[in-house]
Amino acid sequence: MTRLNLLLLLALLASSVYLVRVSYDERRLYAALDRARTEQRQLETEHGRLQAEQQAQATPARIDKTARDKLLMVPATSAIMKQVVVSAAPTASQGRP
Amino acid sequence: MSSGRRPERSTTRAAASARGLNYASSPLLASRTPASRSKLLVAMVGLGFLVLLGRAVYVQAIGTDFYQKQGEIRYARTLDLSASRGRILDRNGQLMAASVPAPSLWAIPKDFKADPSERARLARLLGMSPAQLEDRLDGSANFVWLRRQVDDTLAKDVLSLGLPGIHQVREFRRQYPEGEAAAHVVGFTNIEDRGQEGIELAFQKDLVGRNGSRRVIKDRIGRVVEDIGDSVAAVDGRDIQLSIDSKLQYFAYRRLRDAVMENKAKAGSVVVLDAQSGEVLALANYPSYAPSDRRNLSGNQLRNRALTDTFEPGSTVKPLIAAWALETGRVKPDTVIHTAPGRMSLGPFTVRDTHPHGDMTVSEVIQKSSNIGAIRMGLMFQPREMWDLYASVGFGQKPQIGFPGVVGGRLKSQKQLDEITRATMSYGYGLSASLFQIAHAYTVFAHDGEYIPVTMMKSDSPEGAAKVGGVRVISPQTAQTMRQMLSLAAGPGGTAPKAQTPGYSVGGKSGTAYAHAGKGYDTKKYRSWFVGLSPIKDPRIIVAVMVDEPTAGKWYGGEVAAPVFSDLVQHTLRMLGVPPDLDVKTQIVARNAPAEDESF
């Protein structure tokens, strides 16, 4: 009986130590998870910012300016427009420069 | 006596067992204390335990909430989870407004310590003079904003100076990639991220989302180690998808700006509606402003003229009058109306046509925009009929588009519609409407006689879905006849041949009026506009253009506004993938036909 009790006591001690260790691990891992989540949020925000920036670089205003100033393009006028009618595909029959 | 015996016994016992010492019989311990004292002691100890037990019960059971709370205060923290503001997108998913991180820098002046060279460096980074920085730091001992919503990199530079007492707080700033082209539609937020204008204001509730919070346990170095209790997740603001097409919006804005500058005008507006779905494809005003830099803004720039400025719609309502006269069978397109001698007395006023035309058919009245012809038709109606006609196309009512600052214009009550009023209202005076309302009214012609609801939101139905339903005002046949008349008005011999565009048939009506000045009109200032649709057979779009106070020698709507209409129709229909319904070449010749001077 005494021996069984001793064994149980040992088991209890071991389990307690293990519990301490596990809960320590849990907290450590949770902290890591939380850090990762924060980083995820930051990266998401950054992604949003970069997306906005990318679009700011591709706005019609900027494209228009670049096309006019750098590429010396002009809007298509009727003088340089030729209408092509493709009977098979009616959607392709738009007037194109 | 007994004491005399005890030592002897003890010595004998001690001798008997060398290992054990019998303490119980030690004379030193021989107690002479009365039993009551030991009982008292036991009672005292017992009482002590009772007190401890009571305390334990109190701590564990009765006062537990208080102690639990006190404990939590020492290790638990509530973290705010901020919801991010929703984005505003155009119909193709292009960003029109988005939140980007922009930290704000603040300081605790009493903690702030820096030598003059460090102060100078900080001031330079913050973009202020050292004196300004000192001023700011003197403002309060505990808290001052150094600079709000700066770039991420600048905030890092400032913090890397390592000066004590300087902190940053994460904030977000709105970015508007479309800039001034879409400023009136999108609007802007203030520094607290609340919508102030446009869609940002109209949809503040949807955009803002809801902040959340979570209770956590933090360790000594501030790491979150455990979640406790209830956490409320942050709900991000909803994205708003507009019906606006950002490419078209930019094109409309640019074309309008060019027209305003070319005509040395004061201002202008453009509205492009999808005639089938009722969606607003573009809505632009000039002058505009850059939403990201709102210093020195004037009301002139801020005003969303297309929705807030009302004026007398003038000639643009004549087709409505003609449509009702046709609908009720009072006239046919070729019924002859006498307009000679080109003027007419209305009480104290005389109404004139720019050129006397003599006898004209109803079609010609619209084509040449004859005031007398319109009055003759308008006077055929009962007051109630005329009021119903105007009210059924939205005059006098605010357009239901959920936009701030929208106005409904003015429509007199039925009782006020005496003969003179009805006559003036027949050619578009004595009532007022915004450019948006006039464009909206034209859905009656474009949508086969139905007045359809318009919206700034992208409709959920897939592309090419059935047309939206509306309230029937005139029959499809009348609408079709009216479109033919409108195409005559925009053709050779009409008031606005410049509205024509290569490849697409167009129809529309120009309008010109003297600008209001005090109680009357200023005959040196004009307002010119044009409202039309295209293609004639099955209209896809309605375009309305208004230019305020052109001063470069041209003032007729057909001269000033129609060319803008022409370019917009061309561009929009090509972008929508609508196949041309006309041969391109024939139109180039007709476009240069001289315009008929319009009566206003």
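Keep in mind that what you see is a predicted model, and the values were worked out from it rather than measured. Side chains included, hydrogens not; waters and symmetry mates left out as well; all remaining heavy atoms used. Letters A, B, ... are given to chains in the order of the sequence lines, protein chains preceding strands, and every chain is numbered from 1.
To the nearest 0.5 Å, the span separating CZ on A:Arg41 from CG on B:Leu81 amounts to 6.5 Å. For the atom pair OG of B:Ser99 and CZ of A:Arg49, the computed distance is 13.5 Å after rounding to the nearest 0.5 Å.
Summarising the geometry of A:Thr59 relative to B:Glu178, their closest heavy-atom pair is CG2-OE2, 4.1 Å, with the distance given to 0.1 Å. What you find for A:Tyr30 and B:Glu226 is that their closest heavy atoms are CD2-N, 3.8 Å. The minimum heavy-atom distance between B:Val100 and A:Ala52, with the atom names listed, is CG1-CB, 4.1 Å. Smallest separation of non-hydrogen atoms from A:Gln55 and B:Gly93: NE2-O, 4.3 Å.
At least one side-chain heavy atom of A:Thr45 sits under 4.5 Å from a side-chain heavy atom of B:Phe172.
B:Gln175 touches chain A through its side chain: at least one heavy atom from C-beta onward sits under 4.5 Å away, while N, CA, C and O do not. For a residue to count as touching a neighbouring chain, one of its non-hydrogen atoms must lie under 4.5 Å from one of that chain's; by this rule A:Arg28 does not touch chain B. Neither the backbone nor the side chain of B:Arg174 has a heavy atom closer than 4.5 Å to any heavy atom of chain A. Proximity to chain A (any heavy atom under 4.5 Å) is shown, for B:Phe251, by neither the backbone nor the side chain.
Heavy-atom contacts from other residues, nucleotides or ligands closer than 6.0 Å to CZ of B:Arg210 number 12 or fewer. In this structure, A:Gln54 places its CD atom where only 12 or fewer heavy-atom neighbours from other residues, nucleotides or ligands lie under 6.0 Å away. Remark: B:Tyr75 OH is packed, more than 12 non-hydrogen atoms of other residues, nucleotides or ligands lying under 6.0 Å away.
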Pair B:Arg223-A:Asp34, salt bridge (Lys or Arg N to Asp or Glu O under 4.0 Å): steps then yes or no
CA-CA 8 Å; B:Arg223 291 179 310 189; A:Asp34 193 70; over 6 Å; no
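Contact count against chain B (heavy-atom pairs under 4.5 Å) is highest for A:Ala61 among A:Ala31, A:Ala32, A:Ala58, A:Ala61.
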